[in-house]
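The structure that follows is given in the form of structure tokens.
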Amino acid sequence: MTAKARRGAPRPATLIPGDGIGPEVIDAAVQVMAAAGGRIAWDVQPAGKEAFEKMGTAIPEALLASIRRTRVGLKGPLETQIGRTGYRSVNVALRKTFDLFANVRPIRSHPGVRTAFSGVDLVVVRENTEDLYSGIEHTIAPGVVESVKVITARASRRIARFAFDLARRERRHKVVAIHKANIMKLSDGLFLACAQQVAKRHPRIHYGELIVDNACMQLVLRPQEFDVLLLENLYGDIVSDLCAGLVGGLGLVPGANLGARHAIFEAVHGTAPDIAGKNKANPLAAVLSGAMLLRHVGQRRAADRIERAVSRLLRERRHRTCDLGGTAATSAVTERLIALL
Ligand code: ATP
């Protein structure tokens with residue numbers, strides 16, 4: 001039997017290049033994953049703007065069928081159109097279709113990246129399926145619009161359980177639920193009540209609560225004191241960008257959207273239209289998302305190699321894209337990373 005056959009067949013996975021800088025950073029991730037020994041058989045599926053222009057739909061049926069089949073995907077950022085016109089958010093649709101209820105964003109300081117803080121190591125756990133992302137909006141009277149925030153006990157309990165399980169698995173010590181229950185007494189009150197119930201079943205993990213505005217201030221004063229952050233959808237969206245800023249910005253933070261059966265991995269950043277197509281985007285967030293995918297499908301060694309190479313690259317301080325104050329091209333960072341594997 002050849003060595004290749006012994007290692008087993010490549011794991012099928014869906015690849016969504018995305019819009020803006022998506023194709024550039026996803027191409028980098030795919031190259032690095034293969035060079036690290038990752039064994040993935042990619043099924044490339046367009047979505048978003050590219051699919052809308054070519055096929056008249058931003059969410060083609062072939063894309064959904066592919067994810068149903070592979071159950072795992074690596075996704076570039078997709079453009080979400082602002083205002084009334086255009087198609088509805090593909091990101092939101094994918095999360096709802098596959099019930100990807102947990103959005104996980106590990107936020108870690110990288111030695112070699114100069115920021116206001118060192119030693120940050122926290123995880124943002126964001127509920128991904130409801131809240132103001134319900135998509136329920138209507139005009140009640142001319143000049144008056146209502147957007148509906150939906151919070152359910154089922155989803156709140158599920159994400160709280162997820163956060164505590166993650167804390168236990170990763171040997172973390174503290175979960176802090178972030179809320180605005182002083183104003184949204186019913187909705188955020190329900191979210192907190194569910195978190196409290198789940199916390200009771202985890203006596204070894206410290207549980208705390210912070211109002212979102214205070215949490216933002218504490219995060220930019222003492223980020224090292226945070227461990228696992230548990231948030232509803234909208235607060236999670238905003239606070240995770242803030243957290244990305246603590247460790248060097250959006251170009252460095254990977255993410256995962258996880259459900260019971262499916263998982264889609266993607267960087268926290270968006271399409272960055274200002275630098276799209278210029279070979280300037282930082283590919284590391286997409287590369288690290290690829291490493292998370294490899295770990296998820298059991299290819300831990302390849303994932304570890306990628307994470308070590310990223311650390312080395314950042315410590316070298318030589319190959320840096322514009323977001324980190326350098327001038328290196330996406331392709332140059334990718335090549336160096338592969339050399340460091
Ligand atoms: P979208 O609407 O898709 O979220 P956006 O431009 O509003 O796009 P981001 O794409 O998250 O939001 O980008 C915010 C800023 O961060 C932009 O100035 C962008 O150039 C920069 N940025 C984001 N990702 C990267 C990256 N991977 N490399 C370099 N700069 C980045």
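Both ligands and their constituent atoms are indexed starting at 1 by order of listing.
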Proximal ligand 1 atoms for Pro273, defined as those under 4.0 Å from one of its heavy atoms: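 Reading through ligand 1 atom by atom, the close ones are 6 (O), 8 (O).
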Close N or O approach (Gly270, ligand 1; < 3.5 Å):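 N/O-N/O distance below 3.5 Å exists for this pair.
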Distance filter under 4.0 Å to Ile21 heavy atoms, resulting ligand 1 atoms: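 Numbered from 1, ligand 1 contributes 26 (C), 27 (N).
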Numbered atoms and elements of ligand 1 in range of Thr271, under 4.0 angstrom, heavy atoms: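 Those qualifying, in numeric order: 1 (P), 3 (O), 8 (O), 10 (O).
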Under 3.5 Å side-chain donor-acceptor pair for Asp131 and Tyr235: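 Absent: no donor and acceptor within the cut-off.
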Nearest-option assignment for atom 28 (N) of ligand 1, heavy atoms, candidates Val25, Val333, Leu284, Asn282: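 Answer by nearest heavy atom: Asn282.
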Any N/O pair Ala272/ligand 1 closer than 3.5 Å: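 Yes.
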Atoms in ligand 1 with a heavy atom of Ala281 nearer than 4.0 Å: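 Heavy-atom distances to Ala281 below 4.0 Å select 28 (N).
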Element-labelled atoms of ligand 1 that are located less than 4.0 Å from some non-hydrogen atom of His269: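 So the atoms of ligand 1 that pass are 11 (O), 23 (C), 24 (N), 27 (N).
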Donor on one side chain, acceptor on other, Glu137 and Ser147, under 3.5 Å: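 Per modelled atom types, Glu137 and Ser147 side chains form a pair under 3.5 Å.
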Expected output: side-chain Arg95 to main-chain Leu258 donor-acceptor under 3.5 Å: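 Side chain of Arg95 to backbone of Leu258, a donor-acceptor pair under 3.5 Å: no, none is there.
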Check ion pair Arg68-Glu61 (N to O, under 4.0 angstrom):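 A salt bridge links Arg68 with Glu61.
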Atom CZ of Arg154 with >12 non-hydrogen neighbours under 6.0 angstrom: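 Incorrect, the count does not exceed 12.
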N or O pair under 3.5 Å between Asp274 and ligand 1: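 Yes, Asp274 has an N/O under 3.5 Å of an N/O on ligand 1.
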Test item: side-chain donor near acceptor, Ser156 and Glu127, under 3.5 Å: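 No, no side-chain donor-acceptor contact under 3.5 Å.
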